[in-house]
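Have a look at the structure below before the remarks.
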Amino acid sequence: MVITARALNRTTLHRQLLLEREPVGVAEAVRRVVGLQAQHPGSPYVALWNRIAGFDPADLDEAVGAFELVRSTLMRLTLHLVRAEDYRAFREGMEPTLRGSRLHDPRFTKAGFTAADADALLPGLLEYAASARTGAELREHIEKVRGGPVEAVVWRMVRQYAPLWHAPTGPPWSFGTAQAFVTAAEPPVLHDPEASAAGLAVLVRRYLEGFGPASVPDKAQFTTAPRGLVRAAVQTLEGELERLEGPDGTVLYDLPGAPRAGEDLSAPPRLLAMWDSVLLAYADRSRVIPPEYRRHVIRVNGDTLPALLVDGYVAGVWRPVGGGIEVSAFHPLSPADWEAVGVEAASLGRLLAARDPHVYRRYDHWWVKGLPAAESRVLPC
């Protein structure tokens with residue numbers, strides 16, 4: 001079966017709850033989209049506002065406070081918010097990537113630490129973090145065990161590798177600048193190839209639920225796991241998977257019976273969060289981002305700007321400013337499009353007003369440096 005580029009776009013938007021806001025709870029929404037990129041603590045709130053009908057940010061506060069949803073370093077070596085019950089398998093699937101990137105980083109070894117040192121530290125560290133501890137307390141614990149100071153890079157690599165959840169530290173977005181951590185309720189098995197392979201197979205299957213149909217390179221892009229390991233996970237699942245042909249002849253995989261959307265479905269405008277996974281989950285970003293716009297949205301240092309979707313594709317970027325939401329369109333939009341985007345901006349402004357009206361302010365420098373906008377408007381909130 002051949003699937004067209006537009007059908008792939010609509011299917012992704014459907015599975016990512018971006019064709020229509022769904023009347024579901026926050027945990028179910030996160031399950032369906034696999035996880036939410038969470039480097040910026042406000043982004044999961046903006047992401048769920050885009051996806052849940054009548055989204056109440058207090059519902060996400062509650063789920064995070066109860067550790068029903070947990071924040072930790074996972075896919076793409078970045079912070080994600082996932083369901084607690086998904087964490088163990090996802091973390092085991094990411095183990096080879098996290099171990100290699102963190103415990104074998106030249107900066108880590110240059111500071112006098114080895115993977116064996118980290119392995120020796122972890123049991124005591126995780127026992128100490130059975131109750132939530134601040135980052136300062138955990139670093140002091142490591143220094144006490146080591147008998148001397150440890151460099152900041154060592155603490156950063158250890159905390160990103162260790163199976164720690166971020167503990168909420170308060171408003172406006174549940175996680176503030178003063179970080180705190182707690183040991184995962186069901187710690188994953190580390191440095192075990194069999195557990196890692198099984199976990200990666202789970203993660204690949206869940207990825208297809210939320211982002212399929214997709215290729216092996218797509219799955220590797222989503223996880224940052226080596227393609228060889230991803231290919232092995234696909235082979236493990238292959239009896240359960242359907243093979244399709246993409247518009248350029250690429251082999252795509254999907255789950256039999258998984259919902260696919262038709263080309264003719266309309267796609268309403270959306271104001272995506274920074275680093276929204278829909279922009280980052282594919283090796284072929286053209287599924288959602290026109291190639292000529294990619295470098296304007298995904299910047300050279302990896303910053304992925306809050307993006308405007310029109311008709312299912314990136315058409316510009318947005319940021320909060322005094323008086324409203326500034327939308328910079330990369331190509332001219334119709335009056336009807338601007339009207340629909342204005343409705344979204346007003347709704348987003350109401351969400352931000354009670355939390356942080358200038359979320360993402362620290363990234364304003366990208367606008368100062370200049371963006372190729374065909375038209376910019378400040379849409380009132």
Side-chain angles (χ1 to χ4, degrees), residues 6 9-10 12-26 29 32-33 36 40 42-60 172-173 261-279 288-290 293 296-297 304-361 363-364 367 371 373-381:
R6 190 171 177 86
N9 170 270
R10 292 311 196 248
T12 292
L13 297 179
H14 174 60
R15 296 192 193 180
Q16 285 292 300
L17 311 183
L18 290 169
L19 283 183
E20 183 177 357
R21 288 181 169 95
E22 299 275 352
V24 297
V26 294
R32 288 175 62 176
V33 302
L36 297 171
H40 191 290
S43 283
Y45 291 81
V46 178
L48 291 178
W49 164 80
N50 273 291
R51 291 166 164 90
I52 295 177
F55 171 63
D56 184 347
D59 293 340
L60 183 50
W173 304 114
E263 297 182 353
D264 57 342
L265 287 179
S266 61
R270 290 289 183 257
L271 297 168
L272 299 181
M274 280 197 78
W275 293 288
D276 194 294
S277 292
V278 77
L279 304 174
V288 177
I289 309 175
Y293 299 156
H296 306 314
V297 176
T304 301
L305 302 187
L308 165 68
L309 294 186
V310 173
D311 190 32
Y313 294 91
V314 169
V317 293
W318 65 269
R319 63 170 175 164
V321 296
I325 303 295
E326 180 183 350
V327 175
S328 299
F330 297 149
H331 58 254
L333 303 182
S334 70
D337 286 334
W338 276 117
E339 181 179 359
V341 174
V343 172
E344 290 293 299
S347 175
L348 176 58
R350 291 191 291 272
L351 172 78
L352 298 180
R355 296 271 167 161
D356 180 4
H358 296 287
V359 66
Y360 306 140
R361 183 201 298 267
Y363 303 99
D364 280 354
W367 279 258
L371 290 165
E375 184 177 7
S376 291
R377 297 186 185 183
V378 176
L379 303 175
C381 297

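Listed by chain and number, the residues in a side chain to side chain contact (heavy atoms under 4.5 Å, CB included) with E20 amount to none (sequence neighbours excluded). In this structure, H358 has no ring pair (Phe, Tyr, Trp, His ring centres under 6.0 Å) partners at least two apart in sequence or on a different chain. Scored by the ring pair (Phe, Tyr, Trp, His ring centres under 6.0 Å) test, Y360 finds H40, W318 as partners (sequence neighbours excluded). The ring pair (Phe, Tyr, Trp, His ring centres under 6.0 Å) test applied to F55 returns no partner, not counting sequence neighbours. Partners of S334 under the side chain to side chain contact (heavy atoms under 4.5 Å, CB included) rule, at least two apart in sequence or in another chain, are A336, D337. With sequence neighbours excluded, the residues forming a side chain to side chain contact (heavy atoms under 4.5 Å, CB included) with L265 are L19, A261, listed by chain and number. Under the side chain to side chain contact (heavy atoms under 4.5 Å, CB included) criterion, R15 pairs with T11, P213, D254, A258, P259, R260, sequence neighbours left out. With sequence neighbours excluded, no residue satisfies ring pair (Phe, Tyr, Trp, His ring centres under 6.0 Å) with H14. Partners of E375 according to the salt bridge (charged side-chain N to carboxylate O under 4.0 Å, His left out) rule, which considers only residues two or more places apart in sequence or in another chain, are R377.
For residues 45-60, the set of pairs meeting the salt bridge (Lys or Arg N to Asp or Glu O under 4.0 Å) definition, not counting sequence neighbours, comprises R51-D276. Here salt bridge (Lys or Arg N to Asp or Glu O under 4.0 Å) pairs that include residues 318-328, with residues two or more places apart or in two chains, are R319-E326, R319-D364. Within the structure, every pair that satisfies the side-chain hydrogen bond (donor to acceptor under 3.5 Å, both in side chains) test and touches residues 339-350, not counting sequence neighbours, is listed here: R21-E344, W49-S347.
You'll find the side chain of V278 stays beyond 4.5 Å of the side chain of V33, heavy atoms only.
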